[in-house]
Amino acid sequence: MEILVTLGALLAAISIAPYIKGVLKGVVKPKIASWLVWCVLSVLLTGAAIASGQFMSAIMSGVTVVATAMVLVLGLKKGSGGFDKLDIICLIGAAAGIAIWLILDNPTLAIFVAVAVDIIAFIPTLVHGWVSPAEESLASYGLASLGASMGLMAAVLAG
């Protein structure tokens, strides 16, 4: 299982490279609302994993913290602009979900809320990718999905 987590974390780390390269070239335009929520969510998930002694999960989510923070910082300079109406609605929804997650005393329910927040955060990027597909990185999303799938397999096999 540890090999799956390690490979998944490695793929997650590698997946950000084409995205950052695209941002630096001015081709990829990250939606700041999505990357902000993903960064905050990753920080919270990493803290929760460390607090519960799940160090392999903390490694996986820690890689995500670094990756999302890098894109967030670069995106502030070279992103797709400010927040539009959809971004604001999704930010409010994500903030409400994070608040609910933080006050829950039920780990299983907290996972469902965290996934819901992740989905809400993806909406601005999904719409952006649909409207302007050249401003997103298919390679990055493919590698990240493969890495996350390995982490999920490790969790299923461990369970």
K.L.:
Any idea which heavy atoms bring Asp87 and Pro124 closest together, and the distance?
P.N.:
OD1-CB, 3.1 Å

K.L.:
Can you hop from Leu146 to Leu7 via hydrophobic side chains spaced under 4.5 Å?
P.N.:
yes

K.L.:
Looking only at heavy atoms, which two atoms of Ala144 and Ser15 are closest? And how far apart?
P.N.:
N-CB, 3.4 Å

K.L.:
Do you know the tightest heavy-atom contact between His128 and Glu135?
P.N.:
NE2-OE1, 2.7 Å

K.L.:
Treat each ILVMFWY residue as a node, draw an edge where side-chain heavy atoms are under 4.5 Å apart, and state whether Leu109 and Ile100 are in one component.
P.N.:
yes

K.L.:
Roughly how far apart are Leu41 CG and Leu36 CG, rounded to 0.5 Å?
P.N.:
11.0 Å

K.L.:
Can you tell me how far CG of Leu76 sits from CG of Leu72, rounded to the nearest 0.5 angstrom?
P.N.:
5.0 Å

K.L.:
In Å, rounded to the nearest 0.5 Å, how long is the span from OG of Ser34 to CD1 of Ile120?
P.N.:
11.5 Å

K.L.:
So, does Ser52 use its side chain to make a donor-acceptor pair with the main chain of Ala49 at under 3.5 Å?
P.N.:
yes

K.L.:
Is there a path of hydrophobic side-chain contacts, each under 4.5 Å between heavy atoms, that joins Val73 and Val71?
P.N.:
no

K.L.:
Check the hydrophobic clustering (I, L, V, M, F, W, Y; side-chain heavy atoms under 4.5 Å; chains of links allowed) and say if Leu126 and Trp38 are grouped together.
P.N.:
yes

K.L.:
Checking Ile119 against Val115 for the side chain to side chain contact (heavy atoms under 4.5 Å, CB included) test, could you report, in this order, the C-alpha distance in whole Å, the side-chain angles of both residues, the deciding distance, and whether it holds?
P.N.:
CA-CA 6 Å; Ile119 292 168; Val115 169; 4.0 Å; yes

K.L.:
Is there a side chain to side chain contact (heavy atoms under 4.5 Å, CB included) between Trp101 and Leu44? Walk through the geometry before answering.
P.N.:
CA-CA 10 Å; Trp101 178 48; Leu44 294 172; 2.9 Å; yes

K.L.:
Output the distance between atom CG (Leu152) and atom CG (Leu4), rounded to the nearest 0.5 Å.
P.N.:
10.5 Å

K.L.:
Are Thr64 and Ser42 linked by a side-chain donor-acceptor pair shorter than 3.5 Å?
P.N.:
no

K.L.:
Evaluate the criterion side chain to side chain contact (heavy atoms under 4.5 Å, CB included) for residue pair Val40 and Ile98; output intermediate values, then yes/no.
P.N.:
CA-CA 9 Å; Val40 169; Ile98 289 171; 3.9 Å; yes

K.L.:
Any non-hydrogen side-chain atom of Phe112 less than 4.5 Å from a side-chain atom of Leu104?
P.N.:
no

K.L.:
If the plane angle is over 60° it's perpendicular, under 30° parallel, otherwise tilted; pick one for Tyr19 and Tyr141.
P.N.:
perpendicular

K.L.:
Report the C-alpha separation of Lys31 and Asp84 in whole Å, then their side-chain angles, then the decisive distance to 0.1 Å, and conclude whether the side chain to side chain contact (heavy atoms under 4.5 Å, CB included) test is met.
P.N.:
CA-CA 10 Å; Lys31 288 297 284 182; Asp84 58 25; 3.5 Å; yes

K.L.:
For residues Leu91 and Leu86: do they belong to one hydrophobic cluster (side chain heavy atoms under 4.5 Å, members Ile, Leu, Val, Met, Phe, Trp, Tyr)?
P.N.:
no

K.L.:
Could you tell me the separation between the CH2 atom of Trp130 and the CD atom of Glu136, rounded to the nearest 0.5 Å?
P.N.:
14.0 Å

K.L.:
To the nearest 0.5 Å, tell me how far Cys39 SG sits from Ile32 CD1.
P.N.:
11.0 Å

K.L.:
Give the minimum heavy-atom separation between Val43 and Val65, together with the two atoms involved.
P.N.:
N-CG2, 3.5 Å

K.L.:
State which residue, out of Thr6, Ile3, Leu10, Leu11, fulfils the side chain to side chain contact (heavy atoms under 4.5 Å, CB included) condition with Met150.
P.N.:
Leu11

K.L.:
Minimum heavy-atom separation for Gly62 to Thr46, with atom names?
P.N.:
N-OG1, 3.3 Å

K.L.:
If you look at every heavy atom in Pro30 and Val23, which pair is closest and at what distance?
P.N.:
CD-CG2, 3.7 Å

